[in-house]
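Down below is the structure, laid out as structure tokens.
Quick note on labels: first sequence line is chain A, next is B, and so on, each numbered from 1. All heavy atoms count here, side chains included; hydrogens, waters and symmetry mates do not. In this text, all values refer to a predicted model and were calculated from it rather than measured experimentally.
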Protein chains: 2
Amino acid sequence: MKMISVLAEPNRLHIVELLRDGPLTVGEIAEQLGIRQTQASKHLRVLSEAEIVEVTAIANRRIYKLRPERFKELNTWLESFRSIWDERFDRLDDYLHKLQEKEKKHGNKK
Amino acid sequence: MKMISVLAEPNRLHIVELLRDGPLTVGEIAEQLGIRQTQASKHLRVLSEAEIVEVTAIANRRIYKLRPERFKELNTWLESFRSIWDERFDRLDDYLHKLQEKEKKHGNKK
DNA sequence: TTTAAATATTCCCTTACAAGAATATTTAAT
DNA sequence: ATTAAATATTCTTGTAAGGGAATATTTAAA
């Protein structure tokens with residue numbers, strides 16, 4: 001889940017949300033976020049290395065867009081928590097039972 | 001998406017993954033992660049304040065478990081990227097067309 | 001053929017934050 | 001009544017990483 005730490009940075013998260021609506025150049029991204037071009041480039045570099053975005057060079061412009069893979073991965077990871085949001089059966093009860101058993105064993109030793 | 005920055009810390013991510021399989025005490029978590037109890041407590045505090053986990057006090061034990069809400073939120077956020085992983089239509093083409101139009105306009109002015 | 005635009009890179013500085021150590025607090029055990 | 005176990009909190013320190021400024025590089029424009 002390297003992706004998560006990369007997206008932890010607010011500007012990078014924002015960039016990703018911008019690109020959700022389609023590709024953009026570095027300048028456009030910097031403008032929309034209200035940050036300097038040089039910072040935008042840096043963040044885009046990190047996003048590139050994490051394979052979250054990819055770039056297409058057109059003359060002196062760089063057009064960035066999202067790559068799907070990492071999002072799919074994140075989705076798979078999140079899927080593994082699906083059982084949690086059935087709040088119905090709460091494993092806490094089970095756990096408490098186990099705890100009680102342990103306590104009883106201890107009691108018997110005495 | 002506060003959740004993302006909280007989960008960016010490797011130990012916290014690990015804790016969440018541990019709790020996926022059911023509730024655990026602080027001591028158990030610390031043991032599994034191979035970190036000191038004091039660090040585990042700190043990370044659990046952050047996770048609590050982010051409402052990612054909740055705690056049940058039994059005597060001098062604290063049993064932590066996941067809360068579903070934040071995961072649901074993350075899922076909703078991730079849903080908003082679903083259109084991306086249909087790689088079929090790539091908005092890059094559209095963007096390039098727009099660029100070309102701009103270039104032509106410039107050319108005509110000359 | 002110089003100048004301007006778009007982007008990337010490097011260096012420095014500052015700040016946020018995780019780890020360590022020590023200690024406090026609550027409850028259980030003896 | 002003491003001692004031990006489980007957990008939380010506070011203080012300090014070291015470090016990773018983001019922002020600023022300056023500059024390099026590539027391509028377009030005049």
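The closest side-chain donor-acceptor pair between B/Trp85 and A/Glu69, if any, does not fall under 3.5 angstrom.
A distance of 8.5 Å separates NZ of B/Lys2 from CD of B/Glu51, quoted to the nearest 0.5 Å. Here the straight-line distance linking atom CD1 of A/Ile52 with atom CD of A/Glu54 works out to 12.5 Å at 0.5 Å rounding.
Atoms CG (A/Leu44) and C1' (C/dA6) sit 13 Å apart, rounded to a whole Å. For the pair B/Ile63 CD1 and D/dA6 P, the computed distance is 13 Å after rounding to whole Å. Rounded to whole Å, the distance from NZ on B/Lys2 to P on C/dC17 is 10 Å. We find that CZ of A/Arg36 is positioned 17 Å from C1' of C/dT10, with the value rounded to whole Å. Protein atom CD of A/Glu49 is 12 Å distant from nucleotide atom P of C/dA8, rounded to whole Å. Between B/Ile35 atom CD1 and D/dA6 atom C1' there is a gap of 15 Å when expressed in whole angstrom units.
A salt bridge links B/Arg70 to B/Glu73: at least one charged side-chain nitrogen sits closer than 4.0 Å to a carboxylate oxygen.
Side-chain N/O atoms of A/Tyr64 include one lying less than 4.0 angstrom from OP1 or OP2 on C/dA8. The phosphate of D/dA17 (OP1 or OP2) has no side-chain N or O of A/His43 nearer than 4.0 angstrom. Phosphate contact (OP1/OP2 of D/dA29, side-chain N/O of A/Asn60, threshold under 4.0 Å): absent. The side chain of A/Arg12 places an N or O atom within less than 4.0 Å of a non-bridging phosphate oxygen (OP1 or OP2) of D/dG18. Using a 4.0 Å cut-off, no side-chain N or O of B/Arg45 falls inside it from OP1 or OP2 of D/dA8.
Comparing A/Arg62 and B/Lys42 against DNA chain C, the residue whose closest nucleotide sits nearer the 5' end is A/Arg62.
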Residues A/Arg62, A/Thr25; criterion side chain to side chain donor-acceptor pair (under 3.5 Å); working and verdict | CA-CA 5 Å; A/Arg62 299 297 140 94; A/Thr25 64; over 6 Å; no
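Counting atom types as modelled, B/Gln37 pairs a side-chain N or O with a base atom of D/dA8 as donor and acceptor under 3.5 Å. Side-chain to base pairing of B/Gln39 with C/dA18: no donor and acceptor N or O lie closer than 3.5 Å to each other. Counting atom types as modelled, B/Thr38 pairs no side-chain N or O with a base atom of D/dT7 as donor and acceptor under 3.5 Å.
The side chain of B/Ala59 has C/dA28 as its nearest neighbour among D/dT7, C/dA28, D/dA21.
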